[in-house]
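Let me begin by presenting the structure, written as C-alpha cells, before commenting on it.
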Amino acid sequence: MYQKGTTLGNGHIENWGDSGLADNSQQTDTSTDVDTDDKNQELMGIIISSYLVMDLQLQHGAIITVDQSKLKTGDQKTLRRLAQNREAARKSRLRKKVTCLLLAYVQQLESSRLRLTRLEQELQKARQQGIFIASGLSGGHGLSVSGNAALAFDMDYAHWLNEHQRLINDLRSGLNSHLGDSELRILVESVMAHYDEVFKLKSIGVKADAFHMLSGMWKTPAERCFMWLGGFRSSELLKILGKHLEPLTDQQLMGICNLQQSSQQAEDALSQGMEALQQALVDTLSSACLGPTACGNVADYMSQMAIAMSKLATLENFLHQADLLRHQTLQQMHRILTTRQAARALLVFSDYNSRLRALSSLWLARPRN
C-alpha cells in the first residue's frame with residue numbers, strides 16, 4: 001500500500017512503509033505542492049496579521065488599513081467580517097463617548113440642584129436669623145410668631161408666583177397658536193382660579209401680620225413703589241388694559257368705564273379711611289401724660305393704649321376691603337371681555353408686573369460711584 005509522504009526541505013518525497021512497493025512517484029515534479037503550501041502559509045500569515053490589526057484597532061482605536069490586494073477573491077467573507085468588526089468597534093467607541101457626555105450632563109444638573117437647594121436653605125436661615133434678632137431686641141415672643149407667619153406667606157407667594165408664570169406661559173402659547181375659544185377659555189379660567197388662591201393667601205397673611213401685608217415686603221422695590229394698601233390699584237389696572245384691548249364694542253366700553261369709575265370711588269373712600277385712621281392713632285399716641293412714668297398713672301396709660309389697639313384693628317378691615325376690590329375688578333373685567341380679550345388682558349397685566357420686577361433687578365445691580 002502506498003502511503004502519503006512528507007515534503008522535505010530539499011523538495012524530495014520521503015516514503016514510509018514498505019519501500020519495495022514504491023513506484024516511480026519519486027520522479028514526480030513536486031514544485032506544484034511546494035508553491036501551494038507556500039501560498040497557504042502566506043495567506044495564513046496575512047489573515048493572522050489582519051486579526052492582529054483588528055485587535056490593535058479595538059484596543060487603541062487606531063485606523064489601520066489592511067492590504068487587501070494580497071487576499072484572494074474567495075476571501076470576501078473574511079473582508080466583510082473585518083469590516084463588521086471595525087464598524088462594531090467604531091460604534092462601541094461612540095457609545096462610550098455619548099455615555100460619558102450624558103454622565104457629565106447629569107452630574108452638572110445634580111450639582112446645580114444642590115447649589116440651588118443650598119441657596120434656599122441659606123436664604124431661609126438668614127430670614128430666620130433676622131426674625132430672631134428682632135425678637136431679641138423686642139424681648140417678646142409675639143414678634144417671633146408674627147415674623148414666622150410673614151416668612152411662611154413670603155414662601156407661599158414665591159411658589160404662587162412660579163406657578164403663575166407657568167400658567168401665563170401656557171396662555172401665551174395658546175393665544176399665539178390660535179387655539180379655539182373653548183381650549184383658550186380653559187387656560188383663562190386656570191389663570192383666574194390661580195388669582196383666587198393668592199387672595200386667599202393674602203387674607204390669611206393679613207390676619208397673621210397686617211403690617212407685613214401693608215408694607216408689601218414680599219414684593220420687589222419697584223412693585224412696592226406703586227402699591228396701594230398691600231396691592232395694585234384697580235383703577236390703574238383698568239387704565240393699563242384699556243390701551244391694549246381695542247377694538248371694544250360700545251357696550252364693553254361702557255362697562256369698562258363704569259368699572260373704572262366705581263373702582264376709583266372705592267379707592268378714594270378707602271384712602272380717606274386710612275388717613276382718618278392714621279390721624280386718630282397720632283392723636284391717641286401723642287396724648288399728654290401717656291407714659292406710665294409721666295404725670296399720668298399706669299391705668300391711664302393702659303387705657304390709652306387699649307384705645308390705640310382698637311383703632312389699629314381697623315387696619316385689617318381696610319386691607320381686606322382693598323383685596324376684595326381688586327378681586328372683584330378682575331372678575332368683572334373677565335365678564336365684560338371676550339375670551340381672547342381676557343387672555344390678552346391677563347398677559348398685559350402679567351407682563352407689566354414682570355417688567356416692574358426686572359426694573360428692580362436692574363436698579364439694584366446698577367453701578368454705584
Worksheet item: Can R166 and D170 be said to form a side-chain contact (heavy atoms from CB on, under 4.5 Å), step by step?
Response: CA-CA 6 Å; R166 186 188 67 80; D170 293 342; 3.2 Å; yes
Fill in: Value rounded to 0.5 Å, distance of CZ in F349 from CD1 in I168
10.0 Å
Worksheet item: Take atom OH in Y157; do more than 12 heavy atoms of anything else shown fall under 6.0 Å from it?
Response: yes
Worksheet item: Where the side chain of W218 meets the backbone of L151, is there a donor-acceptor pair that is under 3.5 Å apart?
Response: no
Worksheet, complete the sentence: Here the gap from L238 atom CG to L259 atom CG, rounded to the nearest 0.5 Å, amounts to 5.0 Å
Discussion item. Is the shortest side-chain heavy-atom distance between L315 and M274 below 4.5 Å?
Written reply: yes
Worksheet item: Could you give all pairs that pass the salt bridge (Lys or Arg N to Asp or Glu O under 4.0 Å) test and reach residues 320-332, with sequence neighbours left out?
Response: K202-D323, D323-R326
Worksheet item: Between the side chain of H212 and the main-chain N/O of F153, is any donor-acceptor distance below 3.5 Å?
Response: no
Worksheet entry | Residue pair R357 / S360, side-chain heavy-atom distance below 4.5 Å | no
Worksheet item: Using a distance-only test with no angle check, is there a side-chain donor-acceptor pair under 3.5 angstrom linking E223 and T220?
Response: yes
Fill in: salt_bridge(K200, D196) N-O dist < 4.0 Å
no
Discussion item. Quick check: do L347 and Y352 have side-chain heavy atoms less than 4.5 Å from each other?
Written reply: no
Fill in: Validation row: V198, H164 side chains within 4.5 angstrom (heavy atoms)
no
Worksheet item: Any ion pair linking E236 and K239 (charged N to carboxylate O, less than 4.0 Å)?
Response: yes
Worksheet item: Ignoring hydrogens and geometry, is there a side-chain-to-backbone donor-acceptor pair from S271 to E267 under 3.5 Å?
Response: yes
Fill in: Validation row: Q264, S234 side chains within 4.5 angstrom (heavy atoms)
no
Practice prompt. Mind checking the OG1-CZ spacing from T339 to R185? Nearest 0.5 Å is all I need.
Written response: 4.0 Å
Worksheet entry | Common cluster, L324/Y195, ILVMFWY with side-chain heavy-atom separation under 4.5 Å | no
Worksheet item: What are the two closest non-hydrogen atoms of A342 and H334, and how far apart are they?
Response: CB-CD2, 3.9 Å
Worksheet item: Does one hydrophobic cluster hold both L277 and I307, with members joined at side-chain heavy-atom distances below 4.5 Å?
Response: no
Discussion item. If hydrophobic clusters are built by linking Ile, Leu, Val, Met, Phe, Trp and Tyr wherever their side-chain heavy atoms come under 4.5 Å apart, do L281 and M302 end up in the same one?
Written reply: no
Worksheet item: What's the shortest heavy-atom distance between R344 and H244, and which atoms?
Response: NE-O, 4.2 Å
Practice prompt. Indicate whether the side chain of H327 and that of Q331 have a donor and an acceptor atom separated by less than 3.5 Å.
Written response: yes
Worksheet item: Can you name the nearest heavy-atom pair linking S190 to L167, along with the distance?
Response: O-CD1, 3.9 Å
Worksheet entry | S350 side, atom OG; R355 side, atom CZ - distance, nearest 0.5 Å | 10.0 Å
Item to complete: State, to 0.1 Å, how close S263 and L325 come at their nearest heavy-atom pair, and which atoms those are.
Response: O-CD2, 4.0 Å
Worksheet item: Between D351 and R172, is the closest basic N to carboxylate O distance under 4.0 Å?
Response: yes
Fill in: Under 3.5 Å: donor-acceptor pair, side chain of Q84, backbone of R81
no
Practice prompt. Report the distance from atom CG of N353 to atom CZ of F226, rounding to the nearest 0.5 Å.
Written response: 11.0 Å
Practice prompt. Flag the pair L248 / L337 as yes when at least one side-chain heavy-atom distance between them is below 4.5 Å, and no otherwise.
Written response: yes
Item to complete: Could you check if a side-chain atom of R224 sits within less than 4.5 angstrom of a side-chain atom of M217, using non-hydrogen atoms only?
Response: yes
Worksheet item: In terms of hydrophobic clusters joined by side-chain contacts under 4.5 Å, are M155 and V206 together?
Response: no
Discussion item. If you compare all heavy atoms of A210 against all heavy atoms of L319, which two are closest, and at what distance to 0.1 Å?
Written reply: O-CD1, 3.5 Å
Worksheet item: What do the steps show when you test T338 against Q252 for side-chain contact (heavy atoms from CB on, under 4.5 Å), and what is the final call?
Response: CA-CA 10 Å; T338 64; Q252 287 177 329; 3.8 Å; yes
Item to complete: State whether the number of non-hydrogen atoms from other residues, nucleotides or ligands found under 6.0 Å of M227 atom CE is greater than 12.
Response: yes
Worksheet item: What distance do L214 atom CG and E316 atom CD have between them, rounded to the nearest 0.5 Å?
Response: 11.5 Å
Discussion item. For a quick test of reading the model, state the closest non-hydrogen atom pair linking L184 to G174 and the distance between them.
Written reply: CD1-C, 4.2 Å
Worksheet entry | Neighbour count >12 (heavy atoms, 6.0 Å) for atom CG, N162 | yes
Discussion item. Do M192 and L346 make a side-chain contact, defined as non-hydrogen atoms from C-beta onward lying under 4.5 Å apart?
Written reply: yes
Worksheet entry | Cluster overlap I204 with F318, hydrophobic side-chain contacts below 4.5 Å | no
Worksheet item: Given the rule in the side-chain contact (heavy atoms from CB on, under 4.5 Å) test, do M305 and L285 qualify, once you have shown the distances and angles that lead to the verdict?
Response: CA-CA 8 Å; M305 294 303 293; L285 296 176; 4.3 Å; yes
Practice prompt. If you link ILVMFWY side chains whenever their heavy atoms are less than 4.5 Å apart, which other residues fall into the same cluster as L359? By chain and number, please.
Written response: none
